[in-house]
Amino acid sequence: MARSDAATDLNKTVSYRGLRGWLEQVDKLGELERVSGANWDVEMGAVTHMLTEKSHGTAPAILFDGVPGYPQGYRTLYGQLSSIRRIALTLGLPLDYERKVDIVQRYHARMAELKPLKPRFVNDGPVFENVIEGDAIDVLKFPVPRHHEQDKARFIGTACAVVTKDPDDGWFNLGAYRSQVYDGKTVGCQITEGKHGRIHRDKYFARGEPMKVVILCGQDPLLFMLSSSPLPEVSEYDIAGGLRGEPIDVVRGPFTGFPIPADCEIAIEGETVPGQTRPEGPFGEWMGYYSDDTQDRPYVNVKTILHRNDPILTCAPQHKPVDETGLLKGIAGASQIWRALDACGIPEVLGVWNHEAGPATRFTTIQIRQRYPGHARQALHVACACQGGAYAGKWTVVVDDDIDAGDLDQVLWAMCTRFDPKVDIDLVQKAWASKRDPLFLPGNFNNRILIDACIPYDMKLKNTFPPTVDVSADLRAKLRAKFPKLFH
Ligand SMILES: Cc1cc2nc3c(=O)[nH]c(=O)nc-3n(C[C@H](O)[C@H](O)[C@H](O)COP(=O)(O)O)c2cc1C
């Protein structure tokens, strides 16, 4: 897509307001499924898994109500961002695209022009409809699910946004970090090495200080999407404000003083204390395995619960692909990789896609128009090493301009016909890994592979690579016009 096309929607902003406004619009799109009577114990997670696994990006968002043992209206929402249209709605982008990579291109162009807007403090908001402190605190007043059959606990935070404050610079990060329930007043907060919330916590703990946190577990899907994105050190609140074209209204948390979205469904305030740990996990993980061993990890002592009437707990368990978070993580990461390729001056990038079954960031394809010898290899190394592509990557593949990076069939064809295993591979060793990877190396590193599946540049120059067997654009157009019923 030409840059000018993308520029035309740079002024568009997010049209809905808050989770409830988002649900109304999703309902109008016909992408909301309502389910009554599913149990919190594995049924909601399994229903979502079954509806998503073979859906190829068409699974609905699922709003569960009438959860046995809980009041009517105490709802959970799964699968918020498992369709491209819902992701586009969330980001304020056009809803429909010819190729999957086009939404990444639009998002990337939008972010490149973005002017962050700081949140706006207000005195009141629906999140203050219920303020629970002291003995009354009980996070299990919500229908908190046990998501997978082999999980040992219920997890209140999955599609969540954990707000932490940098003790040096005072900026607020939002990260989606899972939160296990130990009891009504104690929850976990698993933050992986290198993530912003973890860097904040390490700084506090190094000084022997506790760290305050707010766990938002029912919020605008835009905040959830940004919280799960590998963004630089800029508050996700400011980026969300920029994308909306209007600041996020926030109230001040009674315990933390942190900004909390005024229309948020559920916010849990608390603190983690150095030296206080509990066994955390096991939990069905994003790589599709129970690969994350149970470990002693810091936990959160809950001090306040704020929630709206008839609250909606947002959930996003992960599992064997394709899961309900594959698209959102893929698009979020791909736009950051594109940003890095641009920032490093790599020319003629036409597409970036993280394949959903990868899962997410483990199989990245970059599509370029080759301009010089070494161009393809340059793109591979930047994509694999930049912040958006570095965490837990495995395969990075570069393809030519005639291969749609988002179409796995075409990518495999390029890998099978334009790639020589002896010269078109680079290996990167001791890279940033995840212990969720069943094959992580001692010291928590991983090795990864870069695949140059472009036509060798000298053959391209000399025009010695054989022509492709395809139907030309002209003949396609002619036949579509001649046989409209065949190609409607
Ligand atoms: C549903 C979901 C659950 C996640 N759970 C965790 C988690 O438990 N711990 C973690 O460190 N990252 C988790 N992530 C990934 C982070 O949210 C992601 O790496 C994000 O970039 C972190 O934000 P940060 O870059 O501001 O630290 C999860 C992502 C999603 C989509």
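Whatever order the structure lists ligands and atoms in, that order sets their numbers, starting from 1.
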Atom 31 (C) of ligand 1 [closest protein heavy-atom partner, distance rounded to 0.1 Å]: Ser228 CB, 3.6 Å
Per the side-chain contact (heavy atoms from CB on, under 4.5 Å) rule, which among Arg244, Arg17, Met225 passes with Asp220? Arg244
Within the structure, is a non-hydrogen atom of Ser229 found at a distance of less than 4.0 Å from ligand 1? yes
Should the pair Lys212 and Phe258 be classed as cation-pi, given the thresholds of under 6.0 Å to the six-membered ring centre and 45° from the axis? no
With the threshold set at under 4.0 angstrom, would you say Glu236 reaches ligand 1 through any of its heavy atoms? yes
Starting from atom 8 (O) of ligand 1, locate the nearest protein heavy atom and write down its residue, its atom name and how far away it is, to 0.1 Å. Arg178 N, 2.7 Å
Can you confirm if the aromatic rings of His200 and Phe205 lie within a centre distance of less than 6.0 Å? no
Cation-pi check, Arg154 to Trp40: give yes when NZ or CZ is under 6.0 Å from the six-membered ring centre and within 45° of the ring axis, no otherwise. yes
Thr158 to ligand 1: N or O pair under 3.5 Å? no
Do me a favour and list the nearest non-hydrogen protein atom to atom 30 (C) of ligand 1 with residue, atom name and distance? Gln318 NE2, 4.0 Å
Using heavy-atom distances, let me know which of Gln190, Glu324, His200 sits nearest atom 7 (C) of ligand 1. Gln190
Checking Arg75 side chain against Asp310 main chain: does a donor-acceptor pair fall under 3.5 Å? yes
Looking only at heavy atoms, which two atoms of Gly388 and Pro230 are closest? And how far apart? CA-CG, 3.8 Å
Is the cationic atom of Lys152 (NZ for Lys, CZ for Arg) positioned less than 6.0 Å from the six-membered ring centroid of Phe283 and within 45 degrees of its normal? no
Among Met225, Lys195, His196, the residue with a heavy atom nearest to atom 26 (O) of ligand 1 is His196
Heavy-atom nearest option to atom 20 (C) of ligand 1, drawn from Gly326, Gly175, Ser227: Ser227
Which ligand 1 atoms, with their elements, are less than 4.0 angstrom from a heavy-atom of Ile191? 11 (O)
Nearest protein heavy atom to atom 14 (N) of ligand 1, by residue and atom, and its distance? Ala176 O, 3.1 Å
Give the atoms of ligand 1, by number and element, whose distance to some non-hydrogen atom of Pro230 is under 4.0 Å. 21 (O)
Determine the interplanar angle of the His108 and Trp338 rings, folded into 0 to 90°, and report it as parallel if under 30°, tilted if 30 to 60°, perpendicular if over 60°. parallel
Using heavy atoms and a threshold below 4.0 Å, how should the contact between Thr192 and ligand 1 be classified: side chain, backbone, both, or neither? both
Here the atoms of ligand 1 under 4.0 Å from any heavy atom belonging to Ala316 are 1 (C)
Check whether NZ of the Lys or CZ of the Arg Arg278 lies under 6.0 Å from the centre of the six-membered ring of Tyr299 and within 45 degrees of that ring's axis. yes
